[in-house]
Amino acid sequence: MTTTTPVVRVLGDLAHAGSHAWAAACDCAPPRVLADRPDGTVVRSGPVVAKAHAPDTDPPGLAARLALAAAPLLTGILLPPLPVPAPRGAPDPAAHPAAHPAAHPASSRTAGVPSAVLSGVTPDGRPVSLWPHGEPVDPADPDAAPWEEAGVLLARLHRTAPPHPLPPMRGPAKAARAVARMCAARAGDPDIAPVLAAWRSLPAWARDEAPATGPRARFVCHGDLHLGQLVRHPAPHGPWLLIDVDDAGLGDPTWDLARPAAWYAAGLLPPEVWLRFLDAYRSEGGPAVCAEGDPWPELDVAARALTVQTAALAFAKSAAEGRSPDEVEQLMIDACVRIASLPPELTAETTS
C-alpha cells in the first residue's frame, strides 16, 4: 500500500535515510505503508522501517521501552531499534549519523535512547523510531505459525531481570480502552450487556483501575502478544524475534499468554496448537504458569480480560463498519456470555 500523506512522506524520508545517506537522487523503490492506524503509522523503505507512535504516547515511557529493546540482556528476544538519522536539511547531520542496517545487525544494541527516538518531525508531533525490517509471519500459511518459538521467546523475556526502571505493562489499559470504545460505538445497545458483565467480574488491576501488586506484577512483559508481533531477522530466514514494545513494561506475565489462552477457550485455537505453545513456554522455564498440571488457575483472569477486550473490539469495529459481528467475532462475544453467567463464587477469589 502506498500513499502520500504528510506523516507518511516524513516516515518514508526517514526510513530512506536510514538505508543510506541523503542523496539528491537515487533509484530506490517508493516507500510502502505497512500500517496506518490511530495507534501507529509504519512505513518501510528497503531494509528500514519507520514508525510514528500514537499521538498520546508518553515520551519517558516510550524512551524506557525502546531502551529495553536495545538492552544487551534482550539480545535474541526483542528486535532492537536503529539510531535515527537527521531529518533532511538538519543543520548538524554529523550529530545524527545515518543508520546503515549492515552496521546494526540484530545482535547490535543502540547505545542510548536519544539516538533511537526522534521528536517533532511529523506534522502532528508524534515520536518516531526506526527498526530493521523483519520477515513477518505468513498469514496464508497457518501451519507454519511459530507458536513454539513464541512460547520460548516469552519465557525468556519473562525470566529477564529488568535492565532499568520500566513503566507498567499496558495490557490492562488497552483492555479498558477497548471497552470504552465499545460503549461509545454501541451506546444503549443491550447486546453489549454480557461483555460489560464479564468486564465487571474482573479484578481492578485487570480493568486498569488499580495498579497490579505482589510479586507477579514485577515481570518484564510484552503487553500485546499475537503472531503479528514476531518477525524473522535478518529477513527472510533469521531467527524469530518479538517486535513492537509500545505496550511493554512490568506486570503479570500471564497477560502475554492470555490471548492464545482466550482463543483456545473460545474454540478458535486448536488444542494441539495451544499445547505446543504452552509446552514450549514451560520447557523454557516460563514463570507465568506452574511447570506442569492445570495452568488455568494462573491464566483465568488474564484470559477473561483478553476475551472481553477482543469481544469489545468486535462490537466497536462492526458498528463502525455498519455490520453485525462476523462468525469469529461472535465466538468471542459468546465466550463473554459464558463468563457473565458464571456463579459469583467462581470468580470471587480472583476479583477480591
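Just so it is clear, the model here is predicted, and its values are computed rather than measured. Numbers here simply count residues along the sequence, with the first being 1.
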Asks: Going by heavy atoms in the side chains, are Arg304 and Ser201 under 4.5 Å from each other?
Replies: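 Answer yes - side chains close enough.
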
Asks: Is it true that Asp247 and Arg65 have a side-chain N and a carboxylate O under 4.0 angstrom from each other?
Replies: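 Salt bridge absent between Asp247 and Arg65.
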
Asks: Where do Ala54 and Thr57 come nearest, in terms of heavy atoms and distance?
Replies: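 Heavy-atom minimum between the residues: O-OG1, 2.7 Å.
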
Asks: Is the backbone N or O of Pro172 less than 3.5 Å from a side-chain atom of Arg170, with the two atoms forming a donor-acceptor pair by type?
Replies: no

Asks: Please walk me through it: do Asp208 and Arg177 pass salt bridge (Lys or Arg N to Asp or Glu O under 4.0 Å)?
Replies: CA-CA 9 Å; Asp208 197 39; Arg177 183 175 296 185; over 6 Å; no

Asks: Identify, with sequence neighbours excluded, every residue that meets side-chain contact (heavy atoms from CB on, under 4.5 Å) alongside Pro295.
Replies: Leu278, Arg282, Val289, Leu299

Asks: Is there a side-chain contact between Pro162 and Leu250, using heavy atoms and a 4.5 Å cut-off?
Replies: yes

Asks: What are the two closest non-hydrogen atoms of Thr75 and Arg156, and how far apart are they?
Replies: O-NH2, 3.8 Å

Asks: Linking I/L/V/M/F/W/Y whenever any side-chain heavy atoms sit under 4.5 Å apart, do Phe219 and Leu78 land together?
Replies: no

Asks: Test: salt bridge (Lys or Arg N to Asp or Glu O under 4.0 Å). Region: residues 218-227. Which pairs qualify, not counting sequence neighbours?
Replies: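 Every pair satisfying salt bridge (Lys or Arg N to Asp or Glu O under 4.0 Å) with a residue in residues 218-227: Lys174-Asp224, Asp224-Arg259.
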
Asks: So do the side chains of Cys221 and Asp252 get within less than 4.5 Å of each other, counting heavy atoms only?
Replies: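 Not touching, per the 4.5 Å side-chain cut-off.
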
Asks: Counting distance only, does the side-chain N/O of Ser283 pair as donor-acceptor with the main-chain N or O of Ala280 below 3.5 Å?
Replies: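 No.
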
Asks: Which pairs pass ring pair (Phe, Tyr, Trp, His ring centres under 6.0 Å) with one or both residues in residues 131-188, sequence neighbours excluded?
Replies: Trp147-Phe277, His158-Tyr281

Asks: Could you tell me whether the side chain of His222 and the main chain of Asp244 form a donor-acceptor pair under 3.5 Å?
Replies: yes

Asks: For the side-chain contact (heavy atoms from CB on, under 4.5 Å) test, which of Val33, Thr41, Val42, Leu130 pairs with Leu11?
Replies: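 Option passing the side-chain contact (heavy atoms from CB on, under 4.5 Å) with Leu11: Thr41.
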
Asks: Go through Leu62 and Asp58 one step at a time and tell me if the side chain to side chain contact (heavy atoms under 4.5 Å, CB included) criterion holds.
Replies: CA-CA 6 Å; Leu62 177 62; Asp58 170 51; over 6 Å; no

Asks: Do you reckon Val337 sits in the same ILVMFWY cluster as Leu342, going by side-chain contacts under 4.5 Å, direct or chained?
Replies: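 Per the 4.5 Å side-chain linkage, Val337 and Leu342 are not co-clustered.
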
Asks: Any idea which heavy atoms bring Val137 and Leu227 closest together, and the distance?
Replies: CG2-O, 3.3 Å

Asks: For Val301 and Thr254: C-alpha separation, side-chain torsions, deciding distance, then whether side chain to side chain contact (heavy atoms under 4.5 Å, CB included) applies.
Replies: CA-CA 9 Å; Val301 168; Thr254 58; over 6 Å; no

Asks: Which distance, rounded to the nearest 0.5 Å, do you find between the OG of Ser129 and the CG of Asp246?
Replies: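 Atom-to-atom, Ser129:OG and Asp246:CG are 7.0 Å apart.
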
Asks: Using a 3.5 Å cut-off and no angle test, enumerate the donor-acceptor pairs between side-chain atoms of residues 313-320 and protein atoms at least two apart in sequence or in another chain.
Replies:
residue, atom, partner, partner atom, Å
Ser318, OG, Arg186, NH2, 2.6
Ser318, OG, Ala314, O, 2.8
Ser318, OG, Phe315, O, 3.1

Asks: To check you understand the geometry: which heavy-atom pair defines the closest contact between Ala206 and Ala305, and what is its length?
Replies: CB-CB, 4.5 Å

Asks: When you look at Cys336 and Thr307, which way does the side chain to side chain contact (heavy atoms under 4.5 Å, CB included) test go after all the steps?
Replies: CA-CA 7 Å; Cys336 286; Thr307 301; 3.9 Å; yes

Asks: SG/Cys183 to CH2/Trp199 distance, rounded to the nearest 0.5 angstrom?
Replies: 10.0 Å

Asks: Starting at CG of Leu241, measure out to NE2 of His233 and round the result to the nearest 0.5 Å.
Replies: 7.5 Å

Asks: Do Val179 and Val308 have side chains that get closer than 4.5 Å, going by heavy atoms?
Replies: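 They are in contact (side-chain heavy atoms under 4.5 Å apart), so the answer is yes.
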
Asks: Ignoring hydrogens and angles, write down the donor-acceptor pairs under 3.5 Å from the side chains of residues 264-276, residues two or more places apart or on other chains.
Replies:
residue, atom, partner, partner atom, Å
Arg276, NE, Glu148, OE2, 2.7
Arg276, NH2, Glu148, OE1, 3.2

Asks: Decide side chain to side chain contact (heavy atoms under 4.5 Å, CB included) for Val43 and Val49; before the verdict, give the C-alpha distance in whole Å, the side-chain angles of both, and the deciding distance to 0.1 Å.
Replies: CA-CA 6 Å; Val43 177; Val49 173; over 6 Å; no

Asks: Taking all atoms of both residues into account, what is the closest heavy-atom pair of Leu230 and Pro146, and its distance?
Replies: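 In this case the closest contact between Leu230 and Pro146 is CD2-CG, 4.4 Å.
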
Asks: Could you check if a side-chain atom of Val48 sits within less than 4.5 angstrom of a side-chain atom of Leu82, using non-hydrogen atoms only?
Replies: yes

Asks: Say whether, by atom type as modelled, one donor and one acceptor occur between the side chain of Asp326 and the main chain of Glu329 under 3.5 angstrom.
Replies: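 Such a contact is found between Asp326 side chain and Glu329 backbone.
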
Asks: With ring pair (Phe, Tyr, Trp, His ring centres under 6.0 Å) as the rule and sequence neighbours excluded, what pairs involving residues 45-67 come up?
Replies: none

Asks: Keeping Asp256 on the side-chain end and Gly223 on the backbone end, is there a donor-acceptor pair under 3.5 Å?
Replies: yes

Asks: Supply the atom-to-atom distance Leu202 CG to Glu209 CD, rounded to the nearest 0.5 angstrom.
Replies: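 Answer rounded to 0.5 Å: 9.5 Å.
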
Asks: Can you check whether Trp240 reaches Leu153 side chain to side chain, under 4.5 Å on heavy atoms?
Replies: yes

Asks: Should Val152 and Leu74 be counted in the same cluster of Ile, Leu, Val, Met, Phe, Trp and Tyr side chains packed under 4.5 Å apart?
Replies: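 Hydrophobic grouping puts Val152 apart from Leu74.
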
Asks: Does Glu292 have more than 12 heavy atoms from other residues, nucleotides or ligands lying within 6.0 Å of its CD?
Replies: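 For Glu292, atom CD is not crowded (no more than 12 foreign heavy atoms under 6.0 Å).
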
Asks: Find the distance between CD (Gln229) and CG (Leu242) and round it off to the nearest 0.5 Å.
Replies: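 If I round to the nearest 0.5 Å, the distance is 8.0 Å.
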
Asks: Side-chain contact test, heavy atoms from C-beta onward, threshold under 4.5 Å: evaluate it for Pro194 versus Ile333 and give yes or no.
Replies: no

Asks: Grab the two heavy atoms, one from Ala175 and one from Trp255, that are nearest each other, plus how far apart they are.
Replies: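 In this case the closest contact between Ala175 and Trp255 is CB-CZ2, 4.2 Å.
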
Asks: Do the side chain of Arg126 and the main chain of Ala52 share a donor and acceptor less than 3.5 angstrom apart?
Replies: yes

Asks: Spell out, yes or no, whether Leu154 and Val245 are grouped together once hydrophobic residues are joined by side-chain heavy atoms under 4.5 Å, including indirect joins.
Replies: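 They do share one cluster, since a chain of ILVMFWY contacts under 4.5 Å joins Leu154 to Val245.
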
Asks: State, yes or no, whether a side-chain contact exists between Val128 and Val121 at a heavy-atom distance under 4.5 Å.
Replies: yes

Asks: Can you list the steps and then say if Arg338 with Asp334 is a salt bridge (Lys or Arg N to Asp or Glu O under 4.0 Å)?
Replies: CA-CA 7 Å; Arg338 294 192 294 274; Asp334 291 345; 5.7 Å; no

Asks: To the nearest 0.5 angstrom, please state how far the CG atom of Asp39 sits from the CG atom of Asp56.
Replies: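 It is 9.5 Å, given to the nearest 0.5 Å.
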
